[in-house]
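Sharing a structure, written as structure tokens. Questions coming.
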Number of protein chains: 2
Amino acid sequence: MDEATFLKTYDKRKFDTPLISVDSTLFTYHDHQLKVLLVKRSNHPDLDLWGLPGGFIDMQQDKSIRDTVLRKLEEKTKVIPPYVEQLQCVGDANRDKRGWSVTVCFSALIAHQDCEVGIADVSDAAWVAVDTLKDQTLAFDHQAIITVALERLRQKALYSIVPAYALPEQFTLPELQQLHEVLIGKTIQKKSFRRRIEQAELLEDTGEKRYEGGRPAALYKMKEASGEYTFVRNLEG
Amino acid sequence: MDEATFLKTYDKRKFDTPLISVDSTLFTYHDHQLKVLLVKRSNHPDLDLWGLPGGFIDMQQDKSIRDTVLRKLEEKTKVIPPYVEQLQCVGDANRDKRGWSVTVCFSALIAHQDCEVGIADVSDAAWVAVDTLKDQTLAFDHQAIITVALERLRQKALYSIVPAYALPEQFTLPELQQLHEVLIGKTIQKKSFRRRIEQAELLEDTGEKRYEGGRPAALYKMKEASGEYTFVRNLEG
DNA sequence: ACAATAGTGTCTCTGAGACAATATGCG
DNA sequence: CGCATATTGTCTCAGAGACACTATTGT
């Protein structure tokens, strides 16, 4: 049989396959806290439990897994986050009561101001501080997925400025440093922090300043591709 | 409707889902070259093309995706590699001629000597030097997957000794350094290389030596969990 | 002037890069 | 001994850590 014939007669429905979905851990930084977007489940199983935004691939609408993720995130927040990265894929026989299930997990970052409007609309979506998550029961294995996403983001705080995507387009250096400190879980020497960012020329001074409290802070924005930059030396965890 | 009823009546076959498979990039180091295990496809589509070892999840046999990967690798090599890590998940409408397809990719390392026997049996499996891959046409998007796996391994050579899993259990430091040099694509100062490994206490001196050429080299083996260790400072790429 | 926060100067310390010097096997 | 390869000594240099100091706003 040649390939054309094979493909014509191929029926994938003959094979039983796992469920396959996507889930996103969308982080933001607000009120000095790292927060994660949770949505209340409106369907079985785990109805009414809070979980990660996600859903099934729509093979008509979505050309790729990333499309599915962006579509699902946009449904909840009305916007597409500036940073979306694939995290890991989890799949086993027991994570979903409906049976063998595979989920492709993504980690994303967005400025709080850029999607609070979207969220306010949706009464079943909320920003939850990651510190308060320990006690909560989440749907499926979403608690574990968030833990992995958090650990990865924490690592990135040590060797990149990727966390900056959780801030507004313009931000101050002390603000970014605070975010990194929250992630790393300890204080950073401001000199060290500034030095490395300046040397790598990752940020652009907008010329504007933020007035608040003491001396005004310069407002910066990320340069193109600063998210890809990695320092050769970590801030020691 | 309560959850129990929901689950009883739930029929996932009502929904059309993508194909889902796993693929592994198994690396080894032999003859001063980094090699990757390829298998010749015995089925449509892409029949007779070389590709990565992989296959479909068997929901009866496999309790998790990792089970699938290990099962498929063992079928080809008769052994389970000491290092297996999830790499990325690729999924879109066009990567497989049979339709919307998702594949979960893994990267694995093994000592050449530990599976050459297994491979010899299987006439449709072969170690291929990664340098010679550029020209070849591989099945599906496996060429691209290998590129990603390689890039990830290259990064690990800069900040860990994970590549050591591609060597026999006992190996010499010059041997490990050579492997890292092949990965990084440039020479490393042997003093720097040794210093960091010694400081982090990642290897254990077996007391044995390898005689070959000049002064005999001490044989080391990895300590428990040395694969997880990351240096705070990279060997600069 | 003082409080509050932003930003700098500068010293120390760790660890990578460079490369010369030594050590240990072989013939 | 001389060759080949392994292993160590040691100097330099980049960049993080520490922390004191200066700068710029508001009250």
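What's counted below: heavy atoms across the whole structure, side chains too, no hydrogens, waters or symmetry copies. Fair warning: this is a prediction, and the values are worked out from it, not measured in the lab. In the text below, chain A, chain B and the rest are named by the order of the sequence lines, each starting its count at 1.
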- Message: For residues 143-163 of chain A, which residue pairs pass the salt bridge (charged side-chain N to carboxylate O under 4.0 Å, His left out) check, not counting sequence neighbours?
- Response: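 Residue pairs with at least one partner in residues 143-163 of chain A: A:Glu85-A:Arg152, A:Glu85-A:Lys156, A:Glu151-A:Arg154.
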- Item | Contact under 4.0 Å: A:Gln189 side-chain N or O vs D:dA16 OP1/OP2 |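 For D:dA16, neither OP1 nor OP2 has a side-chain N or O of A:Gln189 closer than 4.0 Å.
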- Query: Looking across every strand, which nucleic acid part, if any, lies under 4.0 Å from A:Ile188 by heavy atom: base, sugar-phosphate, or nothing?
  - Reply: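 No contact at all - A:Ile188 keeps every heavy atom at 4.0 Å or more from the nucleic acid.
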- Given D:dT25, D:dG17, D:dA14, which nucleotide is nearest the side-chain atoms of A:Arg233?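 Per side-chain heavy atoms of A:Arg233, the pick is D:dA14.
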- Nucleotide D:dA6, atom P - distance to CG of B:Asp205 in whole Å: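 Checked: the CG to P distance equals 15 Å.
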- Item | Whole-Å distance separating the CD atom of B:Gln199 from the C1' atom of C:dG15 |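 Those two atoms, CD and C1', are 7 Å apart.
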- Tell me the salt bridge (charged side-chain N to carboxylate O under 4.0 Å, His left out) pairs involving residues 227-237 of chain A, sequence neighbours left out?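 Residue pairs with at least one partner in residues 227-237 of chain A: there are none.
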- In whole Å, what is the span from the OH atom of A:Tyr211 to the C1' atom of C:dA4?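 Going from OH in A:Tyr211 over to C1' in C:dA4 covers 16 Å.
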- Apply side chain to side chain contact (heavy atoms under 4.5 Å, CB included) to B:Arg71 and list each qualifying residue two or more places apart in sequence or on a separate chain.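 Partners of B:Arg71 under the side chain to side chain contact (heavy atoms under 4.5 Å, CB included) test: B:Asp58, B:Gln61, B:Asp62, B:Thr68, B:Glu75.
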- Query: Which pair of non-hydrogen atoms, one from B:Ile110 and one from B:Cys115, has the smallest distance, and what is that distance?
  - Reply: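 That closest heavy-atom pairing would be CG2-SG, 3.8 Å.
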- Query: Nearest-Å distance, CD (A:Glu181) to C1' (D:dG17)?
  - Reply: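 Spelled out: CD on A:Glu181 to C1' on D:dG17 is 13 Å.
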- When the distance from CZ of A:Arg210 to C1' of C:dA4 is rounded to whole Å, what number comes out?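 These atoms are roughly 16 Å apart.
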- Just grab all the ring-ring contact (aromatic ring centres under 6.0 Å, His included) pairs involving residues 180-201 of chain A, residues at least two apart or on different chains.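 Checked against ring-ring contact (aromatic ring centres under 6.0 Å, His included) - neighbours excluded - the pairs reaching residues 180-201 of chain A are A:His180-A:Phe193.
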- Message: Reading DNA chain C from 5' onward, which residue's closest nucleotide shows up sooner: B:Leu235 or A:Gly213?
- Response: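 Nearest-nucleotide comparison on DNA chain C picks A:Gly213.
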- Task: Using a strict cut-off of less than 4.0 Å between a Lys/Arg side-chain nitrogen and an Asp/Glu carboxylate oxygen, indicate whether B:Lys63 and A:Asp92 qualify as a salt bridge.
- Result: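 So B:Lys63 does not pair with A:Asp92 through a salt bridge.
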- If you look only at pairs with a residue in residues 169-198 of chain A, which of them pass as a salt bridge (charged side-chain N to carboxylate O under 4.0 Å, His left out), with sequence neighbours excluded?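 Every salt bridge (charged side-chain N to carboxylate O under 4.0 Å, His left out) pair that includes a residue of residues 169-198 of chain A, provided the two are not neighbours, is A:Glu175-A:Arg210.
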- Task: Check the distance between D:dT8's C1' and B:Gln177's CD and give it to me in whole angstrom.
- Result: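 Rounded to the whole Å, the gap is 14 Å.
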I'd like a list of close polar pairs between nucleotides 6-10 of chain C and the protein, N/O only, cut-off under 3.5 Å.
from, atom 1, to, atom 2, distance (Å)
C:dA6, O4', A:Arg215, O, 3.4
C:dA6, O3', A:Pro216, O, 3.4
C:dA6, N3, A:Arg215, NH1, 3.1
C:dG7, OP1, A:Ala218, N, 2.9
C:dG7, OP2, A:Arg194, NH1, 3.2
C:dG7, OP2, A:Arg194, NH2, 2.8
C:dG7, O5', A:Arg194, NH2, 3.0
C:dG7, N7, A:Lys190, NZ, 3.0
C:dG7, O6, A:Lys190, NZ, 2.8
C:dG9, N7, A:Lys191, NZ, 3.1

- Task: Round to a whole Å and report the spacing from CZ of B:Phe193 to P of C:dG15.
- Result: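 The answer, rounded to whole Å, is 17 Å.
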- Message: I need the CD-C1' distance between B:Glu236 and C:dG15, as an integer number of Å.
- Response: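 It works out to 11 Å between those atoms.
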